[in-house]
Asker: 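So that we are looking at the same thing, I have put the structure below in structure tokens.
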Amino acid sequence: MNILSFLFGARIKPKRQSNSLSAVGDELESLQAHYDEHIEPLTRKFENRRVACLKNLRQRIYMSIVIFTIFLFVVFIFVSRQRVDLPWFLSLLPLIPLVWWSYRPVMRYRSDVKEQVFPRIFRYFGDDFIFSSTHRMSISELKRSKLLPGYEDAHFEDYVQGTYKGVGIAINELKLTKEVRRDKRNETKTVFSGVMVQLGCHKSFSGHTVVVRNRGSLINFLSDSFKRLSRVKLEDPRFEKLFDVFSSDQVEARYLLTVAFMERLQELANCFSGQFQCAFYEDKLLIMLASRENRFELGSIFNGATFEYEFSQINREMKQLFAMIEVLKLDEYTGL
């Protein structure tokens with residue numbers, strides 16, 4: 001169903017999709033078994049809610065159109081009779097609350113799916129996995145990594161926590177913003193948008209080592225974040241073209257960032273279009289992945305509430321993370 005057919009009278013009815021779980025062999029059987037036991041029992045309930053939500057959405061859109069038309073008519077009469085000039089954008093102000101009011105049933109539906117369905121999806125990866133829209137990482141702990149850029153406001157979304165092969169995992173979407181002065185007015189600038197991935201390491205770090213994108217040696221050297229750290233020269237010139245490394249312990253930094261490990265980092269950087277930074281500190285590895293995409297999101301409300309697409313998408317994303325743990329050998333007690 002497209003938006004035009006939705007608005008102009010297409011019948012809204014329950015809709016089932018063909019099986020869209022994406023995997024092969026034994027993994028598909030495992031996905032299907034978990035889906036049948038934990039997720040499928042919720043689909044009928046949420047399919048009925050999805051249909052009711054769409055009907056409510058269409059009714060509210062119709063009412064909003066009528067309200068906005070009446071508002072424009074009143075403004076036109078007022079301006080004509082009073083012969084005053086009003087800025088054109090004032091006539092559009094009611095659109096903001098009307099759009100919010102119209103879309104509110106969809107927001108509630110999406111929120112309920114995340115609260116009730118997504119935790120069941122994530123339990124596929126382990127009984128200790130949790131998903132929450134309200135949990136958040138400690139911003140003070142993230143600051144201590146020395147990776148965060150200068151910001152004024154932090155907004156967290158969608159938190160995941162669990163373990164894989166004994167490695168503790170925490171994932172949190174994060175958006176950092178600050179106010180900047182531009183053209184004689186203040187604007188909100190996004191300085192980071194993406195995912196923070198915190199991984200436990202089976203090793204104690206005596207120092208603090210950060211790997212950051214190469215912004216130019218002088219810029220990074222003068223950065224306040226790295227004033228207590230010293231520049232580390234490494235053996236791989238290809239790596240140094242992409243990243244700058246700073247550490248409080250030169251010996252440990254060279255031990256951690258071996259040629260083999262740097263090659264793994266380069267591979268990961270290529271997977272994420274180079275938007276990749278990390279820090280070894282306080283017995284953990286923090287990975288900062290810049291991305292414009294929202295992770296762990298619900299598919300289109302115009303599709304049936306089978307949640308097969310969401311399950312498959314989350315499985316693909318988590319497999320990438322598990323592969324990262326294996327590539328970096330974080331589950332091993334000796335060497336990285």
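All values below come from the heavy atoms of this structure, side chains included, with hydrogens, waters and symmetry mates left out.
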Asker: Are the side chain of Q277 and the backbone of R213 linked by a donor-acceptor contact shorter than 3.5 Å?
Answerer: yes
Asker: Tell me whether the count of non-hydrogen atoms from other residues, nucleotides or ligands lying under 6.0 Å of CG in D36 goes above 12.
Answerer: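 Above 12, so yes.
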Asker: Take atom CE in M63; do more than 12 heavy atoms of anything else shown fall under 6.0 Å from it?
Answerer: no
Asker: Could you please spell out the steps behind the side chain to side chain contact (heavy atoms under 4.5 Å, CB included) verdict for L321 and L199?
Answerer: CA-CA 10 Å; L321 177 59; L199 304 174; 4.3 Å; yes
Asker: Got a salt bridge between R44 and E47, using NZ or NE/NH1/NH2 to carboxylate O under 4.0 Å?
Answerer: no
Asker: Considering only heavy atoms from C-beta outward, does the side chain of I171 approach that of M318 to under 4.5 Å?
Answerer: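 Yes; the side chains approach each other to less than 4.5 Å.
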Asker: Tell me whether M137 is reachable from I139 by hopping between hydrophobic residues (I, L, V, M, F, W, Y) whose side-chain heavy atoms are closer than 4.5 Å.
Answerer: yes
Asker: Establish, for the pair K284 and Y281, whether the NZ or CZ atom is under 6.0 angstrom from the six-membered ring centre and no further than 45 degrees off its axis.
Answerer: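 Yes - K284 lies over the ring of Y281, closer than 6.0 Å to its centre and within 45° of its axis.
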Asker: What closest approach, in Å, do L174 and A154 show between heavy atoms, and which atom pair accounts for it?
Answerer: CD1-CB, 4.1 Å
Asker: Spell out, yes or no, whether V66 and W101 are grouped together once hydrophobic residues are joined by side-chain heavy atoms under 4.5 Å, including indirect joins.
Answerer: no
Asker: Linking I/L/V/M/F/W/Y whenever their side-chain heavy atoms sit closer than 4.5 Å, directly or via other members, would L92 and F76 fall into one cluster?
Answerer: no
Asker: Just how far is it from atom CG of D283 to atom OG of S206, taken to the nearest 0.5 Å?
Answerer: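 The OG atom of S206 is 10.0 Å from CG of D283, to the nearest 0.5 Å.
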Asker: How long is the span from the CG atom in L98 to the CG atom in L93, to the nearest 0.5 Å?
Answerer: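 One gets 11.0 Å once the value is rounded to the nearest 0.5 Å.
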Asker: How close do S145 and V210 get, heavy atom to heavy atom, and via which atoms?
Answerer: O-CG1, 3.3 Å
Asker: Determine yes or no for a side-chain-to-main-chain donor-acceptor pair under 3.5 angstrom, with N56 supplying the side chain and P105 the backbone.
Answerer: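 Not at all, since once roles are kept as given, no pair shorter than 3.5 Å links the two residues.
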Asker: Could you walk me through whether Y151 and F192 pass the side chain to side chain contact (heavy atoms under 4.5 Å, CB included) test, one step at a time?
Answerer: CA-CA 9 Å; Y151 73 96; F192 174 78; over 6 Å; no
Asker: Between R50 (side chain only) and I301 (backbone N and O only), is there a donor and an acceptor less than 3.5 Å apart?
Answerer: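 Yes.
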Asker: Answer yes when E187 and K189 have at least one side-chain N-carboxylate O distance shorter than 4.0 Å, and no when they do not.
Answerer: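 A salt bridge is absent here (no side-chain N lies under 4.0 Å from a carboxylate O).
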Asker: Can a donor-acceptor pair be found between the side chains of T188 and E179 at a distance below 3.5 Å?
Answerer: yes
Asker: I'd like to know if the side chain of Y35 reaches the main chain of T306, judged simply by a donor and an acceptor atom lying under 3.5 Å from each other, with no hydrogens or angles considered.
Answerer: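 Yes, the answer is positive, given that a donor and an acceptor are paired below the 3.5 Å cut-off.
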Asker: Whether the side chain of N172 engages the backbone of F156 through a donor-acceptor N/O pair (distance < 3.5 Å, no angle test) should be reported.
Answerer: no
Asker: Where do L21 and S312 come nearest, in terms of heavy atoms and distance?
Answerer: CA-OG, 3.1 Å
Asker: Hey, are the side chains of V106 and C53 touching, using non-hydrogen atoms and a 4.5 Å cut-off?
Answerer: yes
Asker: Would you say the side-chain atoms of S111 pair up with the backbone N or O of M107, donor to acceptor, closer than 3.5 Å?
Answerer: no
Asker: Kindly compute the distance separating CG (D158) from OG (S133), expressed to the nearest 0.5 Å.
Answerer: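 Atom-to-atom, D158:CG and S133:OG are 5.0 Å apart.
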Asker: Can you check whether V117 reaches E310 side chain to side chain, under 4.5 Å on heavy atoms?
Answerer: no
Asker: Between S247 and E252, does the side chain to side chain contact (heavy atoms under 4.5 Å, CB included) criterion hold? Intermediate values first, please.
Answerer: CA-CA 8 Å; S247 180; E252 183 177 70; 5.6 Å; no
Asker: Measure the spacing between CG of L57 and OH of Y62 and express it to the nearest 0.5 Å.
Answerer: 10.0 Å
Asker: Checking ring-ring contact (aromatic ring centres under 6.0 Å, His included) between F131 and each of F122, Y159, Y124, which is the one that passes?
Answerer: F122
Asker: Once rounded to the nearest 0.5 Å, what's the spacing between atom CD1 of I287 and atom CZ of F276?
Answerer: 5.0 Å
Asker: Applying a strict under-4.5 Å side-chain criterion to I, L, V, M, F, W and Y, I'd like to know whether F78 and V75 cluster together.
Answerer: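 Yes; tracing contacts between hydrophobic side chains, which count when under 4.5 Å, links both residues.
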Asker: Do L229 and S248 have side chains that approach each other closer than 4.5 Å (heavy atoms only, starting at C-beta)?
Answerer: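 In short, these two side chains touch, coming nearer than 4.5 Å.
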Asker: For the pair F129 and F322, name the ring-plane relationship: parallel under 30°, tilted 30 to 60°, perpendicular over 60°.
Answerer: perpendicular
Asker: Are any of the side-chain heavy atoms of D249 and F205 separated by less than 4.5 Å?
Answerer: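 No, every pair of side-chain atoms sits at 4.5 Å or beyond.
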Asker: Looking at L257 and V245, what are the two nearest heavy atoms and their distance?
Answerer: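 The pair with the smallest heavy-atom distance is CD1-CG1, 3.4 Å.
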Asker: Kindly give the heavy-atom pair with the smallest separation between P119 and K114, and that separation in Å.
Answerer: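 Heavy-atom minimum between the residues: CD-O, 3.1 Å.
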Asker: Check whether any side-chain heavy atom of H38 lies under 4.5 Å from a side-chain heavy atom of F311, and answer yes or no.
Answerer: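 No - every pair of side-chain heavy atoms lies 4.5 Å or more apart.
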Asker: Would you name the heavy atoms of S230 and Q250 that are closest together and state the gap between them?
Answerer: OG-NE2, 2.7 Å
Asker: Just so I know, are the side chains of T209 and V232 near enough to count as touching, which here means a heavy-atom distance under 4.5 Å?
Answerer: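 Sidechains of V232 and T209: no contact.
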Asker: Is it true that atom CZ of R185 has more than 12 heavy atoms of other residues, nucleotides or ligands lying nearer than 6.0 Å?
Answerer: no
Asker: Considering only heavy atoms from C-beta outward, does the side chain of F46 approach that of Q116 to under 4.5 Å?
Answerer: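 Of all side-chain heavy-atom pairs linking Q116 with F46, at least one is under 4.5 Å.
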Asker: Distance from R144 atom CZ to L286 atom CG, nearest 0.5 Å?
Answerer: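 Here the interatomic distance stands at 11.0 Å.
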Asker: Can you check whether E40's main-chain N or O pairs, donor with acceptor, with T43's side chain at less than 3.5 Å?
Answerer: yes
Asker: Side chain to side chain contact (heavy atoms under 4.5 Å, CB included), that's the test. Do M288 and L148 meet it? Break it down for me.
Answerer: CA-CA 9 Å; M288 190 173 181; L148 300 190; 4.0 Å; yes
Asker: Okay, side chain of H34, backbone of F125: is any donor-acceptor separation there less than 3.5 Å?
Answerer: no
Asker: For residues W100 and L54: do they belong to one hydrophobic cluster (side chain heavy atoms under 4.5 Å, members Ile, Leu, Val, Met, Phe, Trp, Tyr)?
Answerer: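 Yes; tracing contacts between hydrophobic side chains, which count when under 4.5 Å, links both residues.
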Asker: Between E157 and T134, is there a donor-acceptor pair closer than 3.5 Å when you use the side chain of the first and the backbone of the second?
Answerer: no
